[in-house]
Amino acid sequence: MSPALNTPFHFESLVWDWPIAIYLFLIGVSAGMVVVSLLVKWRVLGEDAAQSGLLKSTAIIAPLAVIAGLLILILHLTRPWTFWKLMFFYSSSSVMSLGVMLFQIYMLVLLVWLAVIFRRGITAFLQPYPKLSWISALLNKLAPIERKLEPLMMFLAVALGAYTGFLLSALKSYPLLNNPVLPVLFLFSGVSSGIAAMVLCSVAFFKEPLHSPALAFVHRLEKPVVWLELFLLLAFFTGLWFGGGQKEVAVTAALGGGFWALMFWFWVVGCGMVLPLALNRYCSHNLRHRVSFLLTVSGFSLFGVFVLRFFILYAGQMTLV
């Protein structure tokens, strides 16, 4: 390979490129939003969940993020027209095949769960269409299983959030990616991005009151999630550093300098984690409850997780065993 092609986005050991990073980000956002939505529903909203802008945001973004992510993945395949085989022929030895199975179950349960929550709104929308009245009748029959469905929904969301990390850690030739901390790191960074996406969408589009109990609960949840994410990053790189050999080389290549090190320290740690924590800690109460402040801080957090996916994917492929 000529030196001219040896760029941060194009190098000899690169196998998975930027569409995979976007795919990983979208799946993490969906799983994170569902996890946070369930916690908010259990602790704050209860039977009033359908009225919350936070749940309305999840109802729109969570399914669309998975659909968009899978579409990106399918189009990125060498032969995308054969992807349908993965949806019907499963292999227990393939991480990709198990992931497709997880996606299918997750989407089915998610759509049923959301439809049951918003059944009254769906029924009102379908009233002018008598031939579709069976949908309302079906949703009313499914209503009693809503609470029983939620633990399964939580399990699937957590599994999906961690799966993106397992998918990368299966690349055994790359010491930075073949790391047991990666699935947990991706799970909690997905929750962080889910919180940011919920706040952005609910405040900007559904006019969620800035002093609502649900939004206050999400803000209380945000701080420990970010601190845990920072701890997991520390554990991730510390384990590699003390692993010696190519693991140590991989950490040095990723964090020691260059384009991806700058992206990590400035965007992921600085703007994506430290800056939101500092703004929430030191800004006045009145400023923290302004729409512009919430949108800015959430935007920084969301973009930080977005860059983290790119950093892990590209920096992780720079060093081979």
Side-chain angles (χ1 to χ4, degrees), residues 22-45 48-70 72 102-103 105-118 146 149-165 183-208 212 214-226 228-229 272 276 294-295 297-306 308-309:
I22 298 176
Y23 157 76
L24 296 172
F25 171 74
L26 291 172
I27 299 304
V29 169
S30 177
M33 291 188 79
V34 171
V35 169
V36 177
S37 295
L38 284 164
L39 293 175
V40 172
K41 186 175 183 295
W42 290 340
R43 297 295 299 273
V44 181
L45 297 173
D48 298 325
Q51 309 303 319
S52 172
L54 296 170
L55 266 293
K56 292 176 182 177
S57 301
T58 300
I60 294 174
I61 297 177
L64 290 180
V66 172
I67 293 171
L70 284 178
I72 290 171
L102 176 60
F103 281 124
I105 300 172
Y106 172 84
M107 278 297 292
L108 175 62
V109 177
L110 176 62
L111 293 175
V112 172
W113 178 62
L114 291 173
V116 171
I117 289 177
F118 294 97
E146 179 183 348
L149 202 62
E150 289 175 350
L152 175 60
M153 188 72 260
M154 176 63 83
F155 170 78
L156 291 171
V158 170
L160 186 64
Y163 162 75
T164 55
V184 186
L185 173 61
F186 270 28
L187 171 61
F188 280 93
S189 66
V191 172
S192 179
S193 65
I195 291 173
M198 287 179 74
V199 173
L200 273 170
C201 188
S202 63
V203 171
F205 299 106
F206 295 107
K207 309 303 179 185
E208 178 75 15
S212 71
L215 201 56
F217 174 81
V218 170
H219 285 314
R220 290 197 302 271
L221 187 66
E222 183 177 20
K223 186 176 179 179
V225 167
V226 174
L228 184 55
E229 193 179 354
L294 290 177
L295 296 181
V297 171
S298 298
F300 275 123
S301 298
L302 194 62
F303 190 70
V305 176
F306 181 72
L308 175 63
R309 294 298 194 267

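- From Leu39, atom CG reaches atom CE of Met154 across 4.0 Å, with rounding to the nearest 0.5 Å.
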Side chains of residues 195-204: which donor-acceptor partners sit under 3.5 Å, not counting sequence neighbours?
residue, atom, partner, partner atom, Å
Ser202, OG, Met198, O, 2.7
Ser202, OG, Val199, O, 3.3

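- Among residues two or more places apart in sequence or in another chain, the side-chain hydrogen bond (donor to acceptor under 3.5 Å, both in side chains) test is passed with Glu150 by Lys41, Trp42, Trp113.
- Under the side-chain contact (heavy atoms from CB on, under 4.5 Å) criterion, Pro276 pairs with Val297, Phe300, Ser301, sequence neighbours left out.
- Scored by the ring-ring contact (aromatic ring centres under 6.0 Å, His included) test, Tyr23 finds no partners at all (sequence neighbours excluded).
- The ring-ring contact (aromatic ring centres under 6.0 Å, His included) search around Phe188 returns none, not counting sequence neighbours.
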Ser57/Phe206 under side chain to side chain contact (heavy atoms under 4.5 Å, CB included): CA gap, chis, key distance, verdict: CA-CA 8 Å; Ser57 301; Phe206 295 107; 3.6 Å; yes

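- The side-chain contact (heavy atoms from CB on, under 4.5 Å) check on Thr164 picks up Leu24, Ile27, Phe186, with sequence neighbours excluded.
- Every residue two or more places apart in sequence or in another chain was checked for a side-chain hydrogen bond (donor to acceptor under 3.5 Å, both in side chains) with Tyr163, and none qualifies.
- Residues satisfying the side-chain contact (heavy atoms from CB on, under 4.5 Å) criterion with Val109, sequence neighbours excluded, are Ile105, Leu149, Leu152, Met153, Leu156.
- For Phe118, there are no ring-ring contact (aromatic ring centres under 6.0 Å, His included) partners at least two apart in sequence or on another chain.
- Remark: Ser193 engages no residue in a side-chain hydrogen bond (donor to acceptor under 3.5 Å, both in side chains) (not counting sequence neighbours).
- Here the closest heavy-atom approach between residue Gly69 and residue Leu26 is recorded as N-CD1, 3.7 Å.
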Full working for side chain to side chain contact (heavy atoms under 4.5 Å, CB included) between Ser37 and Leu54: CA-CA 7 Å; Ser37 295; Leu54 296 170; 5.9 Å; no

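- Between Met107 and Ile67 there is a side-chain heavy-atom pair separated by less than 4.5 Å.
- Ala115 pairs by the side-chain contact (heavy atoms from CB on, under 4.5 Å) definition with Ile122, Leu139, not counting sequence neighbours.
- For Lys56, there are no salt bridge (charged side-chain N to carboxylate O under 4.0 Å, His left out) partners two or more places apart in sequence or in a different chain.
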Side chain to side chain contact (heavy atoms under 4.5 Å, CB included) between Val29 and Met33, intermediate numbers included: CA-CA 6 Å; Val29 169; Met33 291 188 79; 4.0 Å; yes

Step-by-step side chain to side chain contact (heavy atoms under 4.5 Å, CB included) determination, Val34 to Tyr106: CA-CA 10 Å; Val34 171; Tyr106 172 84; 3.2 Å; yes

